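Okay, structure first, notes after.
Note that the structure is a prediction, hence the values are computed from the model and not measured.
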Amino acid sequence: MAQAWAFFLLALFSFSSYVSKLFLCSRNGEGSFLCARSPQVPSIASERYRTAYHFQPPKNWINDPNGPMYYNGIYHSFYQYNPHGSLWGDIVWGHAVSTDLVNWIILEPAIERDTPADINGCWTGSATILPGGQPIVIYTGGDAENHQVQNIMLPKNRSDPYLREWTKVGNNPVLQLVGPGFNSSQFRDPTTGWIGPDGLWRIAIGAEVNGYGAALLYKSEDFLNWTRVDHPLYSSNASAMWECPDFFAVLPGNNGGLDLSAAIPEGAKHVLKVSLDQCDKYMIGVYDLKRDAFSPDTVLDDRRLWLKIDYGNYYASKSFFDSKNSRRVIWGWTNESDSSSDDVAKGWAGIYAIPRAIWLDSDAKQLLQWPVDEIESLRGNEINHQGLELNKGDLFEIKGIDSTQADVEIDFELTSIDDADPFEPSWLLDAEKHCREADASIRGGIGPFGLVILASDNMEEHTVVHFRVYKSQQKYMILMCSDLRRSSLRPELYTPAYGGFFEFDLEKERKISLRTLIDRSAVESFGGGGRLYIIARVYPVALVDERTHMYAFNNGSTTVKVPQLKAWSMMTAQVNVKKG
């Protein structure tokens, strides 16, 4: 097999003089490559770069997901939206509804910038279902003095299944931040409410207090009148402002979700998620009811070691309790990684990652995530391979499906774990750097092995998602990378090598799974049964030409078996249907 794919191996695993002439590249400070334009690169304003089954409105800019909820048989997604163009600005709340989290109807905006409390912006917020089935939304507004304040709105007609129209309460803003040590321009993104043992509602709001990140805690009897608690839910001097906090309960080893408006069972843990450093990080710990405060199980002073929701292009996530399926679902924003001028040319910017079920691993050390089952309704033509064996240097082409719009599930079984290279703990501080230095061209003891996707005929363009196995003193560490550095011949793209590590008990389980959802310019991968997740944006020229390939590969010294490889072409979801 290796000889049959020698040409592709040369292109994939070596920087030959021929290939180097195709790129006039310089490495930027992030370790990605900025490449000069090939004379034959077509315009980026191609419908082929629009995703087919990720959520995005028909046009213009979107960013943070806002107030997701399930109400009376309908899923609601609100989102930060610029109705006037494909760059950030003039933000209102867009609104879309769905019955399955896959197909969406776009409605008119739910919140406009039309009161003194939000005249300079309708920023991020959350939805809560009050007793009696009353939905209520609390969101951040930018007032006339550019202070960040908190506002409330209610549906005008609860009998409307789509809740098209919303009314702002008369006493907005309901919360303003004043006092020493506070910064009124760093006070935003209230969470979904939860009920404490005293029967009072609580929310947390992201803030900066004396220069440090904090989730401020507030209490209310009626969700309309709020009082700040004299201590934060949690704060840390390891970072500054926390955006988009999320706070929810989970049970170890239970993939069902918990409703924060109901009693939390004994043994539950709590998760505090915050957005900073251009990614979403989280802590697992205990919500101390007596102190009314969150205490992480592990306090890490170096925030580079904090766990991430996603190790790729993912930010401002928001979760909600899905009462229909008794699960917690999380959604996050994925920005474009092209230039602003490209976004203007395209007329749109931003998508949402596939909604994911999220729960706590049985050891209570990390969150697990998996695409919601409903996405499988889009699976079409299927191919199935069993009993493959990938020796050192092998490539296996995956044919028979649409390689630009696919769902791929593959298990890699290790034939031996004796040859794992030693693990260096300092790599945890910068996994992306290690993905660049130990890329798919560098042969290791076990790995790299994985998928080559959206590859052009001659491999000038390709994206690599791969694993590498390391042995530490008492456990095995798996490096998962999504390397975009040769994903496109286009200029002015951000093309990093994303990556992260996860622990894996190879003494008990020799199979490492990889699921990758390919949706034109979006590549979303889940490693180790949902232990690590990376979403990325890529813009290969070959995608426009509709000439792309996909391969399973192994460039490690140890043979890797593939007992199961399944892949499906994915149909196009209805995500651009507009109904006023």
Within the 3.5 Å criterion, strictly below it, is a donor on N103 or S98 matched to an acceptor on the partner's side chain?
no
Heavy atoms, side chains only, cut-off 4.5 Å: are R113 and V92 in contact?
yes
Taking only Lys NZ, Arg NE, NH1 and NH2, and the carboxylate oxygens of Asp or Glu, determine whether D246 and R328 approach each other closer than 4.0 Å.
no
Apply side-chain contact (heavy atoms from CB on, under 4.5 Å) to S46 and list each qualifying residue two or more places apart in sequence or on a separate chain.
R48, Y49, V544
Identified ring-ring contact (aromatic ring centres under 6.0 Å, His included) partner of W104 from the options Y53, Y162, Y79, W331
W331
If we only count heavy atoms from C-beta on, is the T572 to Q405 side-chain gap below 4.5 Å?
yes
Using modelled atom types only, decide if a donor and an acceptor are shared between the side chain of S513 and the backbone of G529 within a distance under 3.5 Å.
yes
In the structure I gave you, are the side-chain heavy atoms of Q80 and W93 within less than 4.5 Å of one another anywhere?
yes
With no hydrogens and no angle check, just 3.5 Å: does a side-chain donor-acceptor pair link Y81 and N60?
yes
Could you state the interatomic distance from NZ (K273) to CH2 (W242), rounded to the nearest 0.5 Å?
12.0 Å
Between I442 and R468, is any pair of side-chain heavy atoms under 4.5 Å apart?
yes
Interatomic spacing from CG in L307 to CG in L367 - rounded to 0.5 Å
8.0 Å
Going from CD1 on I62 to CG on N335, what distance comes out if it is rounded to the nearest 0.5 angstrom?
9.5 Å
Donor-acceptor check, side chain of S403 to backbone of M550, threshold 3.5 angstrom: yes or no?
no
salt_bridge(R188, E243) N-O dist < 4.0 Å:
yes
Looking only at side-chain N and O atoms, does E461 offer a donor or acceptor that is under 3.5 Å from a partner on T548?
no
Restricting to non-hydrogen atoms, name the atom on T463 and the atom on S482 that form the minimum distance, rounded to 0.1 Å.
CG2-OG, 4.5 Å
Rounded distance [0.5 Å steps], NE2 in H54 versus CE in M570:
9.0 Å
If we only count heavy atoms from C-beta on, is the W166 to P155 side-chain gap below 4.5 Å?
yes
P68 meets the side-chain contact (heavy atoms from CB on, under 4.5 Å) criterion, sequence neighbours left out, with K318, F320
Could you measure the distance from the OG1 atom of T99 to the CD1 atom of I74? Nearest 0.5 Å is fine.
6.0 Å
Any side-chain to backbone donor/acceptor pair from D280 onto A316? Under 3.5 Å, distance only.
yes
Identify the heavy atoms of Y75 and D100 that sit nearest to each other, and give their distance.
CD1-N, 4.0 Å
With sequence neighbours left out, write down each residue that passes disulfide bond (SG atoms under 2.5 Å apart) with C435, or none if nothing qualifies.
C481
Pairing of E374 and K324 as salt bridge, 4.0 angstrom limit
no
For residues L479 and F501, determine if any side-chain heavy atom of one lies less than 4.5 Å from a side-chain heavy atom of the other.
yes
State, without any angle test, whether R537 and S521 hold a side-chain donor-acceptor pair at a distance under 3.5 Å.
yes
Under 3.5 Å, is there a donor-acceptor pair between the side chain of Q148 and the main chain of F187?
yes
Under a 3.5 Å distance rule, please check whether Q369 uses its side chain to pair with a backbone N or O of I309 as donor and acceptor.
yes
May I ask you to say whether D342 pairs ionically with R490, meaning some side-chain N is under 4.0 Å from a carboxylate O?
no
Would you give the length of the straight line joining atom CD1 of I91 to atom CG of N82, rounded to the nearest 0.5 angstrom?
5.5 Å
Flag the pair Y314 / K308 as yes when at least one side-chain heavy-atom distance between them is below 4.5 Å, and no otherwise.
no
Pair D114 + K168, salt bridge at N-O below 4.0 Å
yes
Are R515 and D407 ion-paired here, with the side-chain N under 4.0 Å from a carboxylate O?
yes
Any chance the side chains of Y539 and E336 put a donor and an acceptor closer than 3.5 Å?
yes
With side chains defined as the heavy atoms from C-beta onward, is the minimum distance between L454 and T404 less than 4.5 Å?
yes
Is it true that a side-chain atom of E524 and a backbone atom of I354 form a donor plus acceptor pair closer than 3.5 Å?
yes
Main-chain N/O of G141 paired to D118 side chain as donor or acceptor, under 3.5 Å
no
